[in-house]
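Read through the structure below, which is laid out as structure tokens, and then see the notes.
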Amino acid sequence: MTNIQETANPDIQDKIQEEVEQARVVCDITGSNSPECAAAWDAVEELQAEASHQRQQKPKNSLEKYCDANPEADECRLYED
């Protein structure tokens, strides 16, 4: 399994860590079955999902960048069968 911190945006990893710590505090105060605790962990899950989404986005290669800038170029033509 890939370590999230190796491939995701470092800013989002910092935010995830902050939310995990906050969720632990909230759950210690309100109890592990409280709605506040559940909401805090939901926030963590949302950030983790965003980090996963960011990892799945592949950067464009040089041809894709070129074609974005020059869609009329011969190299960028798309042919249908």
Side-chain angles (χ1 to χ4, degrees):
M1 185 170 207
T2 303
N3 184 344
I4 292 174
Q5 293 181 346
E6 291 176 4
T7 56
N9 180 339
D11 292 336
I12 200 166
Q13 291 307 315
D14 292 341
K15 184 67 175 162
I16 289 170
Q17 186 59 39
E18 290 172 16
E19 290 293 329
V20 166
E21 291 170 12
Q22 181 65 27
R24 289 179 179 152
V25 169
V26 168
C27 293
D28 286 345
I29 294 170
T30 64
S32 62
N33 292 326
S34 71
E36 295 85 3
C37 180
W41 285 110
D42 283 345
V44 172
E45 289 178 17
E46 288 292 325
L47 286 171
Q48 289 174 332
E50 177 59 26
S52 175
H53 177 72
Q54 288 179 4
R55 284 191 314 273
Q56 291 174 356
Q57 293 177 341
K58 295 185 341 187
K60 290 186 176 188
N61 64 35
S62 58
L63 178 61
E64 291 168 328
K65 290 177 187 176
Y66 175 79
C67 288
D68 285 347
N70 304 288
E72 72 287 343
D74 290 342
E75 298 88 347
C76 303
R77 290 186 181 178
L78 299 175
Y79 297 95
E80 295 181 21
D81 291 336

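Worth knowing before you read on, the calculation uses all heavy atoms, side chains too, and leaves out hydrogens, waters and symmetry mates. What you see is a predicted model; the values in this text were computed from it and never measured.
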Testing the basics here: between [X] and [Y], what is the closest heavy-atom pair and its distance to 0.1 Å?
| X | Y | answer |
| --- | --- | --- |
| Gln13 | Ala51 | NE2-CB, 3.8 Å |
| Leu47 | Ile16 | CB-CG1, 3.5 Å |
| Glu75 | Leu63 | CB-CD1, 4.4 Å |

For residues 21-32, which side-chain N or O atoms pair as donor and acceptor with protein atoms under 3.5 Å away, sequence neighbours left out?
| residue | atom | partner | partner atom | Å |
| --- | --- | --- | --- | --- |
| Glu21 | OE2 | Gln17 | NE2 | 3.2 |
| Thr30 | OG1 | Val26 | O | 2.8 |
| Thr30 | OG1 | Ser34 | OG | 2.6 |

Problem - Atom CG of Asn33: over 12 foreign heavy atoms under 6.0 Å - result: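 No.
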Practice task
Please check if atom CD in Glu64 has more than 12 non-hydrogen atoms from other residues, nucleotides or ligands closer than 6.0 Å.
Solution key: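 Yes.
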Exercise for the section: Using atom types as modelled and distance alone, determine if a side-chain donor or acceptor of Asn70 lies under 3.5 Å from a backbone N or O of Glu72. Expected result: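 Side chain of Asn70 to backbone of Glu72, a donor-acceptor pair under 3.5 Å: no, none is there.
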Problem - Contacts of Lys65 that satisfy side chain to side chain donor-acceptor pair (under 3.5 Å) - sequence neighbours left out - result: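 For Lys65, no residue satisfies side chain to side chain donor-acceptor pair (under 3.5 Å) once neighbours in sequence are set aside.
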Practice task
Answer whether the closest heavy-atom distance between the side chains of Gln54 and Glu50 falls below 4.5 Å.
Solution key: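 Yes, their side chains come closer than 4.5 Å.
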Problem - Value rounded to 0.5 Å, distance of CD in Glu46 from NZ in Lys15 - result: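 If we round to the nearest 0.5 Å, Glu46:CD and Lys15:NZ are 13.0 Å apart.
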